[in-house]
Structure formats: structure tokens, C-alpha cells
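Everything below concerns the one structure shown next.
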4 protein chains.
Amino acid sequence: MAPKVVDGRKLRAQRRRAATEAKLLFAAESVICRRGFHAATIADIVDEAQVARGTFYQYFDSREAVYRRLIGDFVKLLTSSVERVTERRAPVEDVRTNLLRVLEQLFAQRELAILLFRDALTPDPVLKQLHLDLHQHMHRMVCGLLRRGAQWGILREVEVEGTAWAVIGAIKELLLRRIDELPTLQTDEPVIDGTRITPAVRQSAVDAASVLVDAFYGGLRAP
Amino acid sequence: MAPKVVDGRKLRAQRRRAATEAKLLFAAESVICRRGFHAATIADIVDEAQVARGTFYQYFDSREAVYRRLIGDFVKLLTSSVERVTERRAPVEDVRTNLLRVLEQLFAQRELAILLFRDALTPDPVLKQLHLDLHQHMHRMVCGLLRRGAQWGILREVEVEGTAWAVIGAIKELLLRRIDELPTLQTDEPVIDGTRITPAVRQSAVDAASVLVDAFYGGLRAP
Amino acid sequence: MAPKVVDGRKLRAQRRRAATEAKLLFAAESVICRRGFHAATIADIVDEAQVARGTFYQYFDSREAVYRRLIGDFVKLLTSSVERVTERRAPVEDVRTNLLRVLEQLFAQRELAILLFRDALTPDPVLKQLHLDLHQHMHRMVCGLLRRGAQWGILREVEVEGTAWAVIGAIKELLLRRIDELPTLQTDEPVIDGTRITPAVRQSAVDAASVLVDAFYGGLRAP
Amino acid sequence: MAPKVVDGRKLRAQRRRAATEAKLLFAAESVICRRGFHAATIADIVDEAQVARGTFYQYFDSREAVYRRLIGDFVKLLTSSVERVTERRAPVEDVRTNLLRVLEQLFAQRELAILLFRDALTPDPVLKQLHLDLHQHMHRMVCGLLRRGAQWGILREVEVEGTAWAVIGAIKELLLRRIDELPTLQTDEPVIDGTRITPAVRQSAVDAASVLVDAFYGGLRAP
DNA sequence: CATGAATGAGAGTTCATTCAT
DNA sequence: GATGAATGAACTCTCATTCAT
């Protein structure tokens, strides 16, 4: 009856909820990674998460819902990382740095990246919208980069809109090509900044960024 | 007389077989396009083709088999069109022409192109192999183009292998972006040279090729 | 129009009919032998007989019909061979001779024998009846043998009805046990009396008869 | 308190599982008996058991699996009952007693006995092995009985191996003949010692044993 | 809240049978 | 009479979802 007791109970209950939800999300992600998007079943997920079948439906309305949540979160992460990129006034070296940052995120969560880039064009309208949103966002960002690059004189003039899509496609392809080569994240591996970006992941991102910058920018020069 | 009757009957039977098979292949293609690879069911296909469930299995051993056939045929088409590209000794303007030719094929059969570029990374080993084959083929071709471009002095030197994948990714993305904009082929639409390359398809290919050449080649100059 | 011509045509047509029917019956038998009763399909039979699917239905009303026919013919064959056994007034040695004759038939057509003894208790009422008929027939015969054996003083007195079933069961088991050991009939193998009774078949029958006579009769003595 | 609740729930769940499994096994048994092995479908079984289609697959991996389970259990039962038979040093009267015991089991579970004796020679390799195992076991046992019978002077000398198969065939035939005559076990019928051996079953076994002993042993005399 | 047994619509596939040619 | 393409009912099995405990 005392407010403190109630608060304590509520707090513990909330924590337990959050913990179970996290278990399910993590399990869903790793199952999708292992078995692929379409082959991932509820049974796989609840087995992986070590919870009962019914528990799943206490946290997510349907099979699609957990995918939506997973992707939504990832899109938010990418978007915010990209937001930080564009808000900085870019000196020359910035472009490479920022591209690297995005690629790091993509490589670090490569299961979701695959999901997003390879499988996401499903009939499910919500997933389609999320997919579209991310791509529009990336497109706007790349368009900005291309325009600013031209202004700074480090890029020649191109048809911006189409070229931006070409750049995005190039990123996606390089990502998918490198993904098989990267070792799977070990549970005891040191992670940087609480993210899943390990040294191996960073190196892959550096390589991919180099190729892209080389291909599209002809090599960036400090002014 | 007897042989003639038999021949006549056999001929008609063969034509009927071919017609039904074409109906099924066409239906499968359009169903996959509409509902996506994994959501396309036998029921959808036979409904679309207006034949009975069992008829499907007179022509294809399994659900996978029809996809293998569809993709295999398309890969052969692309491959052969690309073969012709690479065997010609290229003067400067050739690069643009040949790229255009490939893009025309991709846009003309855009349902299959989507299937191949978007969905093909499935657990099915045969499909995976077909997918891999095509990509290896495209990669070899693009590597060759990049190297010859450098020799002819119309391209700066780049890290060839990685850049080739970037180019392929760019082509795929442009393709997928344009596909929704293209109107679906009408049955009474004039087709060119017995292919499905219509004026609209050709225009799309020209646009995409321009963007790519612009982005990667910095504009091609006649020598 | 001349009766002779018509007769000739009719005759040839009849012969062709009979030939095709024989092809189908032979194919059905060998397919059942190879794949088992329940796994034998129409497709198997017409493939084996080298005729079209529809032709099958010109000769038999249904899948069951061909089995009925096959079994019916075999039952008739066995019955008639047994008939000859019982009609003869038996001196002592006769019992062994007659048993041998039945066993020879069973071993010679062992595919059908299996079909009859192992599989025939299907829900199909007609097959069930044929099966029952044959067993009743065999039972009556064996009862007769047992009674006459006792009269002739070469068999001790037993509960005739039950013992007769026991004898039949023993025959069936020995038959099934020997069947796997017998080599399949070769097409160029010398057959005896136009039947499928080869030397190997005859030897098997002799062996089985010996065991049975030994087990049930304690060795037959000439009076 | 918490553990008790959990235990209570787990216990009830386990009981429910066991009950449903029993329902399914019982249904499968009776369906197989009624419709035959090959004609018995999942639909039949779940209809009989009054559960949903999917429920079946929570308990058995496949259609074959339930047959394997059914047969495996029965073979174990028979084997153990036979084990007890052979381990006893047999005075004269023992042979009859032990034979009776086996026959009682066979008659009590006559549906399975039919399944085992009539249908088990299927292409399914596991079923075939189970069938073979049981027959080898029975054969060894009968061989032993025949040899000991000869040693004790209550049986004349015979070719043991072959005769043993004849005996087994005789048992099987008598069993199959009596099965139709026996009334189906009523659910409210008093069962003896928790088994399904009712007075009617016992009487049938006695009759069959008498026929066999009479036929093969010439009547057993107390020493 | 957590549980997991139960559900049933729907998937791919088989095959006896029909019928226009 | 012979053909073989077409048929569709029936089969086994899967899996997202529900609900009593």
C-alpha cells in the first residue's frame, strides 16, 4: 500500500518485461540471421529466447510485428547516425569519415542490413514503407553529399538524383559481398562504444569506403 | 496415310504441350512479380494460368523447378547478350552501346530481373548457384570494361575488382528504381524484334545508361 | 464385305486386343512384384507395358480391376491344379506329389502368391472375396487330405478343422521365407511345360514339401 | 508457494499430454485395424481421436512414426513375454503354458497382431526391420522349443529350422482366423491384471494352443 | 503474466481417372 | 482403338495463432 512498495514492484515488473522483450528481439534477430527472413518461424524464435510460445504474443501482435519492430529500430539507428553526419559542416576529410560511420553500422548489424537490403520488399505494406523511408532518407543524404562535393570542388558535376541511387546501390552490393567474408560476432568479443562494431567490422567498413570513394570521387584530396 | 495421321496427332499434341508450358511459365513470372518470390504459391500460378493444379506437375517437378527454369532461361539470355558485348573490339562509343543492350534486356523482363536481383539469395542451392553464376559473369564483364576503359584512356585507374561490384550494385539499384515507374507491358503493345523491348523500355535503358556512364566514366569522349 | 475379309480383320483385331491385354497384365504383375501392391501405380504399369495411359482404361475399368483379374486368374489356376489333386484316389505317395504340385505353382508365380497371401486383405470387397474363396478352397482340400491320411493310417487323429488352418499357415510362411531366396525368373531360362516352373522353382517346392510332410506327417511310409 | 503452483501446472500439463498421446495411439490402432495399414490416413486418426489435424504432429513426427511407435511397443511386449518363457527350465507341461502366454498377448492386442503379421512387409525400412526382428525372435524361440521337446522325448526329431517357420506360420494363420470371430473389446469390459486379456481372449488362446500342440506335438503327456 | 497444448487453414505434391483428338 | 494432356480430390505436413490453466 505504501507508494514505495508499489513503485518497487512496478519497477521490477517493468524491468522483467523489458528483459523478456530484449530476449525476444535478440532471438528474432539471430534466427533471421541464421535461417533467413522467410524461413524464420515463431518456433525458432521462442526456442532461441527460451520462452514459451504464448509469451511471444504478449509482446508482439504477430510474426510481422517483430520484424517491423526490428527494422524500425534499425532504421532509427541508421537515420540518427546519418543525421549526425549531415548536420556537421563538412571539411574535405569529413565525407570519408561519415561514409565510414554509416558502413560501420551496416556491417555491425549485418543481419539486419541483409534483411533490409535483400528481403525487405515483401508484400507487407508496413515493411515496405519502412524500407522506402530508409531509402528516401539515404537518397536525400547522398544527394546532399554530391552537391556539397561539387561546391567544394572535389567532385565533378553529375546528374545528382540518379547518381545518388547508383551510389546507394553500390554501397548495398559491397555490403552484401563483404558480409559472407566477415566472421560471425563472438559473444565474448570486445565491442566498441557498446555497439557491435569490432575491429574486424571496422576494417571491412574502411575497405568498402575506400572502394566507393575511389570509384566515385576519384580520390579525395585535402585542400 | 497412317504415318501422316500419327504425325499430325503428335504435332498437335506437341503444340498443345508447348502452349500450356508457356502459359504456366508466363503465369509463374507474373505471379512472382506481383506477390514476390516466397509468397508465390502453386495455387496462384495455376489460377493465373487457368489450368488445374495437377497440370502444373506435368510440366515441372516441383515449385522450385519452375523458378529454376525461369531464372535459368533468363540467365542464358543475359549471358548471351553479354557475350556478344565482350567479343567485339570496343571503340569508344561501344561501351555505352553495350551497356545499353544489357539494360534493355533487364528492363524488358523486369519481373525476372527483380526476381534475380532481389530475391535470389535463397537457401535453395540451385537457385543460389544460378544467381552466383550470373553475378560472376557480370563481374568479369565489368572488370574487363574497366580495364579496357583505362587502357583507352577514357577512365582513370581504380581498384578494379571492388569497383566492378560497385558498378553492378549501381546497375541493380537503378533498375529496381525504374521498374515501378515503367508501365506493365500490355498484351497488344507493339514489341520490337519479337522481344519485349518497347519504346518505353528503351528510353528507360537509355536514361539508366546515361547516369551510369556519367557517374563512372565522367562522360565518354570520342577519341 | 466378303465374310472372309471381315473375319480376317476381326481376327487380327481380336489378336491385337489379346496381345495388348496380355502386355498390360504382364506389366501389372511385374510392377507389383517390383514395387509392392500399394505402391504400384497406373503410371508404372503403362510405362512398363509401353502403352498410353488411356489404353489401360480400354481394358480395365479401374486400378482395382486389373488386380482382381490378376488374382482371379491365379486363383483359378491354383484351384484347377488342386482340383486335379483331389479327384485322384490317393495311394500313399500321392499326398507328397500333390502338395508338390501346389507349391510349384505358388513358387512359379511368386509375385502373385505374395500378393495373395500377404496383401490381399484390403478393404476392397471383391479382392477380399477372392481371397476368402481361395482359402476356403484350400481349407476344404487340406481337411480332406487330413481325413484320408487318418483313414489310410498314415496320420494320427487330429482336430481336423483347426489343424487344416495351421497347415495352410505353415505353407504360406514357408512360401514367403523361400521367396526372397529364389532368383527372379530370367527371360531366357528354360521353363517346364510352358509354365514358369524352372528347375530352381521345382527344387524349392521339393524342399518346402519335405519340411511340411516331415513336420505334419512324421515321414510318409509306403504301406 | 511458487514452486508448488509451477509443479501443479507442469503435472497437469504432463497428464494432459499423456492423455492425448494415448488417445492418438488408441485411435491409430483402431483405424489401422478397421481400414488397413495403407489406407489409414491422418484424417482418419484425428477424426477418431477427436483432435485437430495439427495435434497429431505435436506427438508424432510423421505418419510412419506412429506406426513405428505402435509396432515397436508391441514387439517389446511380445519379446518380454517370450523372454520369460525361455528363461524357465521347462518341465513337460511348460511348453503348453508358454505357448498359451504368447497367444494370449497376440489375441489381446489383435489389431496390432494383424498389423504385424499381415501388413508389416512394407517398403519402409524401419518397419521392415521391426518385423524382421520380431520374426527372428520368434524363430529362435520356436527352434529352442522344438529342440528341447526332442530332448525330453515328447517330440519326434524334425528339420528344426524349417519346421520352426512352419510353426510360426501356423500360429499366424490361426490367429488371423480367430480374430474375426472374437468380439471387439468393449471399453467397459473388465480387463484382467490391467491387460486386455479377457475370458474370451483366453479361451481363444487355449483353443489355438490345443490345435498347435495337437498338430505338432501329438499331444503332450505328463511324465 | 507465463505457459504450451490445441487448433485449422493452407501449403506442396500425387495419382486414378476422363475425354477430346 | 489408341493416345496423352488435363483434371481435381485427397494426401501428408507446417506453422501462425489462440486460450484454458
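Residue numbers begin at 1 in each chain, while the letters A, B, ... track the order of the sequences. When reading the values below, keep in mind they use all heavy atoms of this one structure, side chains included, and skip hydrogens, waters and symmetry mates.
- Going from atom CG of L24(D) over to atom P of dA5(E) covers 13 Å, rounded to whole Å.
- Each of dA2(F), dG8(E), dT12(F) was ranked by its minimum atom distance to the side chain of A52(D); first place goes to dG8(E).
- Listed nucleotides: dG12(E), dG1(F), dT7(E). Nearest to the side chain of T41(B): dG12(E).
- Remark: Y57(A) is not in phosphate contact with dC19(F), judged by side-chain N or O atoms under 4.0 Å from OP1 or OP2.
- Atom pair D61(A):CG and dT17(F):P shows a separation of 10 Å (rounding to whole Å applied).
- The nearest whole Å value for the distance from the NE2 atom in H38(B) to the P atom in dG12(E) is 13 Å.
- Note: CZ (R12(B)) to C1' (dA2(F)) measures 14 Å, nearest angstrom.
- Taking atom CD of E21(C) as the reference point, atom P of dG1(F) lies 13 Å away to the nearest angstrom.
- Closest non-hydrogen pair, A39(A) versus D44(A), comes out as O-OD2, 3.6 Å.
- Side-chain atoms of T55(D) lie closest to dT7(E) of the nucleotides dT7(E), dA16(E), dA5(F).
- dG10(E) atom P lies 20 Å from atom CD1 of I42(D), rounded to whole Å.
- In terms of position along DNA chain E, the nucleotide closest to K23(D) lies nearer the 5' end than the nucleotide closest to the other residue of the pair K23(D) and S62(C).
- Which of dC13(F), dG12(E), dT17(F) sits closest to the side chain of R63(D) comes down to dC13(F).
- Ion pairing of R69(A) with E21(A) is present here, as a side-chain N (NZ or NE/NH1/NH2) and a carboxylate O approach within less than 4.0 Å.
- Place V51(A) and Y67(B) on DNA chain E by their nearest nucleotides, and V51(A) ends up nearer the 5' end.
- Side-chain N/O atoms of Q58(A) include one lying less than 4.0 angstrom from OP1 or OP2 on dA2(E).
- F60(B) comes within 4.0 angstrom of no nucleic acid atom, judged by non-hydrogen atoms across all strands.
- Taking only distance into account, the side chain of R53(A) meets the base of dT17(F) through a donor-acceptor pair shorter than 3.5 Å.
- Across every non-hydrogen atom of L70(D) and E29(D), the tightest pair is CD2-N, 3.9 Å.
- Counting only heavy atoms from C-beta outward, the side chains of F56(D) and V51(D) never approach each other to under 4.5 Å.
- The CZ-C1' distance, from R15(B) to dA20(E), rounds to 17 Å in whole Å.
- Going from atom CZ of F56(D) over to atom P of dC15(F) covers 17 Å, rounded to whole Å.
- Mapped onto DNA chain F by nearest heavy atom, D44(D) and R17(B) fall at different nucleotides, with R17(B) at the one closer to the 5' end.
- Base pairing of dT17(F): its partner is dA6(E), meeting the Watson-Crick or G-U wobble criterion (both donor-acceptor distances under 3.5 Å).
- Here E48(B) does not pair with K23(B) in a salt bridge; the nearest charged N to carboxylate O distance is not below 4.0 Å.
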